[in-house]
Amino acid sequence: MENHSKTQLQSFLKQLPPVEFCCVYGSSLHPNRDNAKSTMVDCILGVSDPLQWHSENLKLNKDHYASWMALLGGAKLVTNVADHIGVGVHFNPFVSWNDKMLKYGVVRMHDLVQDISNWERFYLSGRLQKPVQIISDNLDIANLNSVNLRAAIAAALLLLPSKFTEVDLYAKICSLSYMGDLRMLFAEDKNKVKKIVQGQFELFQLMYKPFIQEYESKELLRYSLSGNPRPVLSQDSDVSAARSLVSSLPPLVRSQIGVKLGEKKRLCDSGRVINEVVIGSRQEAAQCMQTILKRKVMVSSARQAVSGLLAVGGVHGMRYLGAKMRKAWNSWR
């Protein structure tokens with residue numbers, strides 16, 4: 001992100017109640033080649049107490065909210081819709097400020113941390129597996145997100161063949177949070193993953209390089225030029241490698257795989273007894289993980305879609321959905 005744009009967003013944050021975390025994501029941050037100018041800047045705001053935050057923000061920026069929510073229930077309604085219908089995130093889109101159009105989502109910090117570390121909803125964790133620009137970070141979420149990135153590589157490797165390119169790796173990582181997303185059926189560009197990776201390839205490299213090197217040191221990944229202009233990566237496809245990859249997934253996902261495939265107790269090097277997933281084959285483990293993630297994404301995307309339409313109101317909701325569907329339609333033509 002250009003420095004003046006970052007400064008502008010820091011200035012925008014001063015118009016809101018204090019936040020613990022803020023990041024910008026999406027094409028507005030690093031425009032795709034065929035979309036040089038984005039219509040909306042997308043932000044995630046982490047706050048300690050959404051009820052209190054929305055209460056203060058309604059006093060400062062009531063026009064950011066759907067009028068019916070502000071009038072009928074205020075901060076309590078906003079928070080309840082986000083928590084009980086959605087996945088804990090309330091979005092205010094179409095916020096006009098300094099000749100920019102912004103959309104910001106407000107989430108409880110505890111929920112953000114849980115999703116990053118455990119893929120509980122696999123919603124914001126998916127956002128943070130792609131390049132973002134952190135504007136404010138009081139609780140070192142950037143460092144915590146390393147757990148999320150490491151797990152994303154493990155999940156992608158489970159789904160990839162024995163040989164692939166860096167583009168394949170980043171595309172698979174990027175696709176994890178779209179598997180099962182209902183919007184991909186009718187309201188998203190079918191080439192979205194490809195465009196994200198092509199437009200932000202260098203940023204993906206910068207983001208994942210330390211973790212790729214880590215997997216290389218564990219001999220789970222190998223680089224080979226093989227006369228190709230782009231390096232080819234290779235991995236072992238045996239059960240032992242699959243077991244190592246599954247062990248790098250978040251605890252909740254490992255547990256859910258264990259419920260389906262079975263677990264056994266094992267004494268680890270530190271002397272602790274741990275539960276290890278019983279893996280019969282790599283394909284079995286990959287399919288099981290894919291099914292679990294697809295369901296998480298499907299449920300979260302459906303809940304957030306309903307919550308989002310309620311949160312923005314009828315006019316803005318149709319406007320936003322219409323824009324999404326136009327992009328999807330153009331991609332299928």
Side-chain angles (χ1 to χ4, degrees), residues 29-30 32-34 116 119 122 125-132 142-143 145-179 190-250 253-254 257 261 268-269 276-294 297:
L29 175 61
H30 304 286
N32 296 319
R33 292 168 187 170
D34 62 345
I116 288 173
W119 293 3
F122 205 44
S125 51
R127 294 270 196 280
L128 291 170
Q129 288 168 0
K130 306 171 190 71
V132 299
N143 184 52
N145 196 46
S146 62
V147 175
N148 184 28
L149 302 184
R150 187 178 291 111
I153 289 185
L157 290 177
L158 263 179
L159 298 172
L160 285 166
S162 58
K163 291 186 178 182
F164 51 92
T165 65
E166 266 191 278
V167 172
D168 297 330
L169 175 61
Y170 302 143
K172 188 61 69 176
I173 289 171
C174 190
S175 71
L176 293 174
S177 57
Y178 293 124
M179 294 189 304
K190 71 181 180 72
N191 299 312
K192 185 168 186 172
V193 168
K194 181 180 179 181
K195 289 180 178 178
I196 290 172
V197 175
Q198 285 181 342
Q200 304 179 19
F201 181 76
E202 291 79 11
L203 293 168
F204 272 101
Q205 283 187 311
L206 187 64
M207 191 176 186
Y208 282 99
K209 183 178 180 180
F211 306 102
I212 290 175
Q213 291 174 338
E214 185 180 309
Y215 277 83
E216 279 188 283
S217 69
K218 294 178 180 178
E219 298 185 350
L220 291 170
L221 264 185
R222 292 176 295 277
Y223 264 102
S224 172
L225 288 174
S226 305
N228 295 317
R230 284 189 172 177
V232 173
L233 289 85
S234 60
Q235 62 170 333
D236 292 330
S237 298
D238 57 22
V239 172
S240 176
R243 192 176 295 118
S244 295
L245 294 174
V246 169
S247 71
S248 296
L249 297 173
V253 177
R254 286 203 310 270
I257 293 175
L261 301 185
C268 64
D269 295 338
E276 184 177 78
V277 178
V278 177
I279 298 175
S281 70
R282 183 189 183 93
Q283 183 181 12
E284 178 186 56
Q287 287 179 343
C288 183
M289 179 202 68
Q290 188 173 41
T291 299
I292 289 168
L293 295 185
K294 271 187 176 180
V297 173

Could you tell me whether [X] atom [atom1] has more than 12 heavy atoms of other residues or ligands within 6.0 Å of it?
X	atom1	result
K218	NZ	yes
Q283	CD	no
E219	CD	no

- Item | Residues S162, S234; criterion side-chain contact (heavy atoms from CB on, under 4.5 Å); working and verdict | CA-CA 5 Å; S162 58; S234 60; 5.9 Å; no
If I take atom [atom1] from residue [X] and atom [atom2] from residue [Y], how far apart are they, to the nearest 0.5 angstrom?
X	Y	atom1	atom2	value
W119	S177	CH2	OG	9.5 Å
L149	F211	CG	CZ	5.0 Å
L221	E214	CG	CD	11.0 Å
Q129	C174	CD	SG	9.0 Å
Q205	E202	CD	CD	6.5 Å

Taking every non-hydrogen atom, the tightest pair across [X] and [Y]:
X	Y	result
L128	M207	O-CE, 3.3 Å
L245	A154	O-CB, 3.5 Å
N148	S125	ND2-O, 2.9 Å
F122	L176	CE2-O, 3.5 Å
A156	L169	CB-CD1, 4.0 Å
L293	M179	CB-CE, 3.8 Å

- Task: Please name the residue in the list L158, L261, V277 that meets the side-chain contact (heavy atoms from CB on, under 4.5 Å) test with M289.
- Result: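 So, applying the side-chain contact (heavy atoms from CB on, under 4.5 Å) to M289 and each of L158, L261, V277, only L158 qualifies.
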- Fit a plane to each ring of Y208 and F204, take the angle between them on a 0 to 90° scale, and name the class: parallel (under 30°), tilted (30 to 60°) or perpendicular (over 60°).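 Plane angle under 30°, so parallel.
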Check for a donor-acceptor pair, side chain of [X] on one end and backbone N or O of [Y] on the other, with a separation under 3.5 Å.
X	Y	result
R282	V239	no
Q235	L160	yes
E284	G280	yes
T165	D168	yes

- Any side-chain heavy-atom pair of V147 and I116 under 4.5 Å: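 Heavy-atom side-chain distance check fails, nothing below 4.5 Å.
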- Item | Side-chain heavy atoms of Y178 within contact of I196, under 4.5 Å |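 The answer is yes, as the side chains (C-beta and beyond) meet within the 4.5 Å cut-off.
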- Message: Quick one, V232 with F164, criterion side-chain contact (heavy atoms from CB on, under 4.5 Å). Give me CA distance, side-chain angles, the key distance, then yes/no.
- Response: CA-CA 6 Å; V232 173; F164 51 92; over 6 Å; no
- Query: Strictly by modelled atom types, are S224 and K163 linked by a side-chain donor-acceptor pair under 3.5 Å?
  - Reply: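 There is no such pair between these side chains.
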- I would like to know whether S244 and L220 meet side-chain contact (heavy atoms from CB on, under 4.5 Å); could you show each step before the answer? CA-CA 8 Å; S244 295; L220 291 170; 4.0 Å; yes
- Query: Would S248 and Y215 count as a side-chain contact (heavy atoms from CB on, under 4.5 Å) if you check the C-alpha gap in whole Å, the side-chain angles of each, and the deciding distance to 0.1 Å?
  - Reply: CA-CA 11 Å; S248 296; Y215 277 83; 3.5 Å; yes
- Task: Mark yes or no: K194 above the aromatic ring of F201, with NZ or CZ under 6.0 Å from the six-membered ring centre and no more than 45 degrees from the axis.
- Result: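 Because its charged atom misses either the 6.0 Å distance or the 45° angle limit, K194 does not stack over F201.
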- Message: Check E216 with R222, please: is the shortest side-chain N to carboxylate O separation under 4.0 Å?
- Response: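 Salt bridge between R222 and E216, a charged N being under 4.0 Å from a carboxylate O: no.
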